[in-house]
Amino acid sequence: MKPPDKATVIQVLRDISLLLQMKGENPFRSRAYDSAADRLAGLSEDLGALLRDGRLQELPGIGQAIADKVSELLTTGRLASYEALRAELPAGVLELVRVPELGPKKAVLLARQLGVDSVDALEKACREGRVRQVAGFGEKSEANLLAGIELYRRSNNPRRLLGEVLPVAERLLASVQTLPGVIRASVGGSLRRRAETVGDVDLIASAAGASAVFDAFCAAPEVAHVIGRGESKCSVRLHEKDLQVDLRVLPDEDFATALHHFTGSRAHHVRLRGLAQERGLKISEWGVHRADGTKLHVPDEAALYRLLDMQYIPPELREDTGEIEAALAGKLPEDLVTWEDLQGAVHAHSTWSDGKNSLEEMARAAQALGLKFLTVTEHSQASIYAGGLKEDDLRRQWEEIDRVNDSVKGVRLLKGIEVDILESGALDYTDAVLEQLEVVIGSVHVRHGMDEDQMTRRLLKAFDNPHLHILGHPTGRMLPSREPYPLRMEEVLDKAAERGVVVEVNGKPERLDLKTEHVRMALERGVKLVVSCDAHRAVDLGNLAFSLGTARRGWARRGDVLNTLSAEQFIATLRKQRAA
DNA sequence: GCCGTTTTCGGCCCGACTGTTTTCAGTCG
């Protein structure tokens, strides 16, 4: 039997946490399973390797009991205590808790009292007015459950892609900033941390009074429905993409601590608040207080970290994956790559292959973003479906690139290719053509079905070609629909480091490939990166922001990312990397 | 269930909102 993958282990731990809550167990025991799941989710190392080396228990939050359970699950494919727990509770409860508004306690109550064992059965019970007969439930509960069921049905995975949501959120933020009385406002939540997917949008604003702000916010044309509204929080659902937006409005003196609180992550906060306790401080969204109730002045987030004697931690790093220890020791990198550092955008297509805009339009879009160069990397001949270029087409394209470079000032198009890495690991052009190009990205586009061994060897073989500069979207995943192809990432990155192959952090919202954990693995090995936009339209140059966010989440510094160099240095460095 | 530079027992982050309640439990983030 195939051993369960990491995602399965994480899911089982989360299920155990829920089942323990259903049983009414000690909530801290339940939380321990959740924390362990969080820890594994943020892990860059291979779970199987940790198990083999007996190092599972070295992970904070994983002790003897959970390590044993993970071990049992990984080695036997089953977990007896989990199965026993499931058997103790009514069937279907783990499905029921996926309905928003329905938590473990209510789910088990309804399952026991009404015999509902599925979301369908729950809906029927609501419609027949049976739910309101259960103590603690009323007519409103029924209506809310029906609304929750509809939401649950509309999308099995309610999390949206960062690249879909961020532009919507930033537009909304701009309008909130103009509402009456608003002093400061920011995006918060996993969106601010640049997680690859986000569940909803958190906006935090400061103003003298919340009421007028909420009135205006709820009346905005993009708002479809007001979910709830209290003293400091208001939740709405937008017409656009069915997105839920939570707006918090607080006095300006509480803005920094509120922004910090609603940025998360939960794991980061738990650690930080523990540290605060040791210093006799209490942190909440309403400020930092001493035990005697004195409130400390916290004008911005940096001040909050200073109170705990640690370096400022940027939002993208707040996941409790080592950033707290580093910040306490003063070892957090202070030169994480920023938007301002970027001089060029990597990976763009034009109408020469499957792009929608001309070379000149792409150049002008790059110019408008203040970029100094853009690498034009069309598909190669094997990618017939994507209008891949024959070698002759390429030469004609170079003439047009020269013309555009003469006419559009301040930005330079680099002559490149996204060449297919064929099934054999060979590249899809002759060396005679490849050596004339300034930028060669090699990517896998066909035959994803190879097994782990075959795919690993395919990539390593491609590294043998000295003209390959950059490995493009290394795992081929597409969120949420296509799994990454199987690959021994450690081996690929080891070899990339050894051979000077640069690795792409692809910024297309569905890809974000490398993902965060792999970025860290690459950097630990000294692999150099490019952040890319994989643009097929001029507007896609904005994908660079998503790639940048992923690189920062992986702790990438300015010097790790080659498109922070000038065009000349960029080209020279790509060549030098491979010559070394 | 995890954890420990006073502790191997006794803590564990913190609060808003809702619906159902007359003081709180459940859910969410």
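Each chain gets a letter, A, B and so on, in the order its sequence line appears, and its residues count up from 1. For the numbers below, each heavy atom of this structure counts, side chains included, while hydrogens, waters and symmetry mates do not.
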Counting the benzene-type ring for Trp, do Tyr305(A) and His260(A) have ring centres under 6.0 Å apart?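 Yes, the ring of Tyr305(A) comes within the 6.0 Å limit of the ring of His260(A), centre to centre.
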Of Ile66(A) and Lys106(A), the one whose closest DNA chain B nucleotide lies more 5':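 This one resolves to Ile66(A).
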Could you please name the option among dG19(B), dC2(B), dG15(B) that lies closest to any side-chain atom of Lys282(A)?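 From the listed options, dG15(B) comes nearest.
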Whole-angstrom distance between dT7(B) and dC2(B), as gauged at atom C1':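 Approximately 14 Å lies between the C1' atom of dT7(B) and that of dC2(B).
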Report which part of the nucleic acid Arg229(A) touches: base, sugar-phosphate, or nothing (heavy-atom distance under 4.0 Å, all strands).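 Sugar-phosphate only.
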What distance, rounded to whole Å, do you find between the two C1' atoms, one in dT8(B) and one in dG1(B)?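 It comes out at 14 Å once rounded to the nearest Å.
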Any Ser141(A) side-chain N or O less than 4.0 Å from OP1/OP2 of dT18(B):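 Negative; the distance criterion is not met.
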In whole Å, measure the gap between the P atoms of dC13(B) and dG4(B) for me.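 The same atom, P, in both gives a distance of 14 Å.
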Let me know the distance between CD of Gln64(A) and P of dT8(B), rounded to the nearest Å.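 The answer, rounded to whole Å, is 20 Å.
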Return the 5'-most residue of the pair Lys69(A), Phe137(A) with respect to DNA chain B, ranking by each residue's nearest nucleotide.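 First, find each residue's nearest nucleotide; the 5'-ward one identifies Lys69(A).
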To the nearest angstrom, how far is Asn26(A) atom CG from dC12(B) atom C1'?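 The distance from CG of Asn26(A) to C1' of dC12(B) comes to 9 Å, rounded to the nearest Å.
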In Watson-Crick or G-U wobble terms, both distances under 3.5 Å, what is the partner of dG11(B)?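 Check on dG11(B): paired to dC2(B), both distances under 3.5 Å.
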